[in-house]
There are 2 protein chains.
Amino acid sequence: MSSILVVGSLAYDDVRTPVATRDGVLGGAASYFAMAASLYAPVRLVGVIGDDFRDEDIARLRDRGIDLAGLERRRGRSFRWTGTYDFALDTAETINTDLGVFGDWRPRVPDAFADSELVFLANIHPEIQLATLAQVKAPKAVALDTMNYWIEHEKDALVRVISKVDIISINEGEARQLCETFSIVRAAREILALGPKVLVVKRGEHGATLFTKDAMFLAPAYPLEEVVDPTGAGDTFAGGFIGYLAECAAFDDATLRRAVLHGSVCASFAVERFSVEGIAAADRAGIDQRYEALRAFTRV
Amino acid sequence: MSSILVVGSLAYDDVRTPVATRDGVLGGAASYFAMAASLYAPVRLVGVIGDDFRDEDIARLRDRGIDLAGLERRRGRSFRWTGTYDFALDTAETINTDLGVFGDWRPRVPDAFADSELVFLANIHPEIQLATLAQVKAPKAVALDTMNYWIEHEKDALVRVISKVDIISINEGEARQLCETFSIVRAAREILALGPKVLVVKRGEHGATLFTKDAMFLAPAYPLEEVVDPTGAGDTFAGGFIGYLAECAAFDDATLRRAVLHGSVCASFAVERFSVEGIAAADRAGIDQRYEALRAFTRV
């Protein structure tokens with residue numbers, strides 16, 4: 001089993017869906033990722049919170065066994081995101097982003113975390129991803145997520161960090177935007193040519209596609225009767241995916257495929273409730289049950 | 001091997017995509033369906049054409065071995081559909097529909113076709129689907145397609161015909177509309193409760209989901225680098241799906257799953273070219289090659 005380092009945001013989210021509203025609930029890429037990945041392997045978290053961050057939310061992370069030695073508390077407000085979803089519950093419309101203490105934060109990886117074996121660089125400025133990566137000694141695999149904003153405004157830096165990582169997980173739309181092509185197959189080839197050995201294209205309710213140099217794996221989303229809040233689905237997916245790889249300490253094709261299904265399963269728990277509540281309530285037995293169900297749903 | 005009867009439209013389409021335009025090309029649900037299904041089993045076609053219908057298009061169908069004893073030629077124009085696609089190449093916007101001779105057509109199933117073992121009732125007024133079905137003696141399985149217009153305007157008749165068929169194939173959006181729910185899982189349960197034993201929910205580039213009382217099968221679309229014209233993809237899917245069932249003369253769960261993948265493969269050939277050109281150029285060796293590739297893309 002390998003250790004996992006995650007570097008990214010912890011946030012308070014204000015979320016509106018057509019049926020309900022939640023204000024000031026725990027969110028952020030690192031929160032979702034860590035809650036999922038910690039079901040599989042030891043997780044170390046590097047992040048920043050403001051002085052408004054609730055002790056009970058720190059406790060939720062700690063109770064999951066997440067090592068918070070890299071969690072800085074600074075004066076000011078925690079990162080706050082306000083978003084809304086329409087009836088299709090797919091793409092969030094951002095109403096407001098208040099970076100707070102996250103705005104000028106430069107992650108410092110504690111010495112004790114420098115030997116982490118798997119690293120997940122959650123969505124943040126690509127220059128900061130590069131600077132963070134430089135603080136890790138000899139990771140077995142580095143994974144990266146990003147967003148449309150950096151593709152639009154910091155493409156050169158983003159391409160530089162992509163060339164240094166092993167695994168990249170991005171949305172379908174972002175893959176298209178990055179490569180300026182509508183064809184995902186073509187975009188995948190171009191992204192892998194930048195350096196990564198593994199690309200996961202997340203397709204929301206439609207699942208995810210894994211691309212390597214030699215293979216492609218088409219994974220469905222776990223079918224749910226009802227989705228409550230899709231916030232964090234992608235980061236929870238990444239948590240299950242990287243978590244499973246860490247648990248297996250392997251990166252072969254068969255392990256990668258199973259890891260994608262674990263990502264789908266974790267995401268399915270996340271979207272069933274608001275905030276991190278869904279993935280927080282999941283345990284490994286429940287994960288394994290849905291994993292077997294998902295395999296049965298795809299077996300020919 | 002079972003015989004297949006298809007009842008539906010033959011049309012001339014005017015199609016606009018962001019990169020090209022084709023006018024007056026062979027289209028219609030029955031054309032696409034029959035071109036695909038005839039790769040698997042004997043196909044009998046019941047349809048109507050106007051006096052503008054080209055002999056060369058009749059020859060294309062006949063050369064595929066399709067029995068055209070149920071093809072009526074009437075005075076007037078053939079059904080003509082004009083549609084346009086945006087860059088995403090997913091949903092067609094209908095610019096114009098000119099029903100022509102199709103408008104007041106009442107299908108007559110020739111006596112020689114009355115013993116057909118599989119029946120595909122392509123999209124048409126549900127009352128006409130019912131009247132057509134009454135002309136077939138003892139089919140092993142009847143499948144039905146429909147469209148949003150009938151769900152909106154002829155729901156009672158549509159529900160009556162749905163209750164008499166074994167297999168229904170509809171789009172994701174139509175399933176939602178029919179059951180007035182966003183949840184496909186819930187819609188599937190409601191549709192199966194109406195009578196059919198098998199439901200296939202078509203999800204375009206995202207694949208298709210098979211629902212039976214006891215099982216669910218999540219099938220991807222065959223991944224293509226480029227889509228040229230998605231017109232007819234759903235009917236070609238149905239042709240591959242029903243064609244494979246006819247070839248196997250079986251309806252067990254394993255056969256149904258393989259049939260869905262054959263549907264995906266046939267649709268992938270259809271969308272690679274305009275009109276029926278893509279599926280017309282496909283042969284069984286090419287189909288089987290993509291089928292094996294698609295299995296490999298989903299194997300865990």
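Just the heavy atoms: all of them, side chains too, but no hydrogens, waters or symmetry mates, feed the values below. Naming convention: chains lettered A, B, ... in sequence-line order (proteins, then strands); numbering from 1 in each chain.
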Item to complete: Assess whether atom NZ of B:K155 is packed by more than 12 heavy atoms of other residues, nucleotides or ligands within 6.0 Å.
Response: yes
Worksheet item: Just checking heavy atoms, which of residues 189-204 of chain A are less than 4.5 Å from chain B?
Response: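 Those residues of residues 189-204 of chain A which have a heavy atom under 4.5 Å from chain B are A:R189, A:R203.
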Item to complete: With a 4.5 Å heavy-atom cut-off (strictly below), which parts of residues 288-300 of chain A touch chain B? List them by number.
Response: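 Contacts with chain B: A:Y291, A:L294, A:R295, A:A296, A:F297, A:T298, A:R299, A:V300.
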Worksheet item: Does some side-chain heavy atom of A:R186 sit less than 4.5 Å from a side-chain heavy atom of B:E226?
Response: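 The answer is yes; the side chains approach within 4.5 Å.
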Discussion item. When you compare the side chain of A:L218 with that of B:P223, does any pair of heavy atoms fall below 4.5 Å?
Written reply: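 Yes - at least one pair of side-chain heavy atoms lies under 4.5 Å apart.
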Discussion item. Is it the case that the side chain of A:S183 and the backbone of B:E225 share a donor-acceptor pair, with hydrogens and angles ignored and the cut-off at 3.5 Å?
Written reply: yes
Worksheet entry | Under 4.5 Å from any heavy atom of chain A - which part of B:A221 |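 Backbone only.
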Discussion item. So for B:L256, is it side chain, backbone, both, or neither that comes closer than 4.5 Å to the heavy atoms of chain A?
Written reply: neither
